[in-house]
Amino acid sequence: VQLQASGGGLVQAGGSLRLSCAASGRAFSSGGMGWFRQAPGNEREFVASISWSGANTGYADSVADRFTISRDNAKNTVYLHMNSLKPEDTAVYYCAADLEGLGPFADEYEFWGQGTQVTVSS
């Protein structure tokens with residue numbers, strides 16, 4: 001599986017961005033995909049996840065009321081819609097695929113895309 005993340009950039013606090021993660025390669029019918037982020041000096045942290053069907057989603061408490069994860073299976077793409085962005089959201093954002101679940105633990109995800117930088121200015 002190859003994952004290609006895109007959509008990062010520089011935005012002012014309060015603004016919005018939409019990240020995309022295009023998947024190619026083998027098809028899956030279980031598990032899910034997730035978004036993680038890593039700021040300098042910090043560990044990689046869970047942001048959101050979605051099942052392959054799209055019926056189940058999960059969010060970190062810090063983003064639950066501002067971010068929305070969605071997917072378009074026809075395009076093999078998962079999106080992260082980020083609203084009301086804060087400077088503390090600044091990080092490199094990674095998408096990942098988990099063959100068996102959609103939990104918040106990075107070491108359970110088997111496939112990772114390259115990161116896309118999100119910078120939120122105050």
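Just so it is clear, the model here is predicted, and its values are computed rather than measured.
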Do [X] and [Y] come within less than 4.5 Å of each other through their side chains, counting heavy atoms only?
{"X": "L19", "Y": "W35", "answer": "yes"}
{"X": "S70", "Y": "H81", "answer": "yes"}
{"X": "T90", "Y": "V118", "answer": "no"}
{"X": "V11", "Y": "T119", "answer": "no"}
{"X": "T116", "Y": "V92", "answer": "no"}
{"X": "L102", "Y": "N56", "answer": "yes"}

For residues 103-122, the salt bridge (Lys or Arg N to Asp or Glu O under 4.0 Å) pairs (sequence neighbours left out) are none
Rounded to the nearest 0.5 Å, what separation is found between the [atom1] atom of [X] and the [atom2] atom of [Y]?
{"X": "I50", "Y": "C21", "atom1": "CD1", "atom2": "SG", "result": "12.0 Å"}
{"X": "R37", "Y": "E88", "atom1": "CZ", "atom2": "CD", "result": "8.0 Å"}
{"X": "F67", "Y": "L17", "atom1": "CZ", "atom2": "CG", "result": "9.0 Å"}
{"X": "L85", "Y": "S121", "atom1": "CG", "atom2": "OG", "result": "10.0 Å"}
{"X": "C95", "Y": "L80", "atom1": "SG", "atom2": "CG", "result": "10.0 Å"}
{"X": "Y93", "Y": "M82", "atom1": "OH", "atom2": "CE", "result": "5.5 Å"}

Please confirm whether the backbone N or O of [Y] pairs with a side-chain atom of [X], one donor and one acceptor, at under 3.5 Å?
{"X": "D89", "Y": "K86", "value": "yes"}
{"X": "S62", "Y": "A60", "value": "no"}
{"X": "S84", "Y": "R66", "value": "no"}
{"X": "Y59", "Y": "I69", "value": "yes"}

S51 and A55 have their tightest heavy-atom pair at OG-N, 3.3 Å
Sorted by chain and residue number, the side chain to side chain contact (heavy atoms under 4.5 Å, CB included) partners of N73 (sequence neighbours excluded) come out as R71
Go through the steps for Q4 and S6 under the test side chain to side chain donor-acceptor pair (under 3.5 Å), then give the verdict.
CA-CA 7 Å; Q4 181 72 38; S6 61; over 6 Å; no
Fill in: Aromatic centroids of Y109 and F36 separated by under 6.0 Å
yes
Distance only, no hydrogens: is a donor on one side chain within 3.5 Å (strictly under) of an acceptor on the other, for S16 and N83? yes
**Message:** Over 60° means perpendicular and under 30° means parallel, so tell me whether W112 and Y94 are parallel, tilted or perpendicular.
**Reply:** perpendicular
| message | For E100, is the CD atom crowded, meaning more than 12 foreign heavy atoms sit under 6.0 Å from it? | response | no
F46 with M33, same ILVMFWY side-chain cluster at under 4.5 Å: no
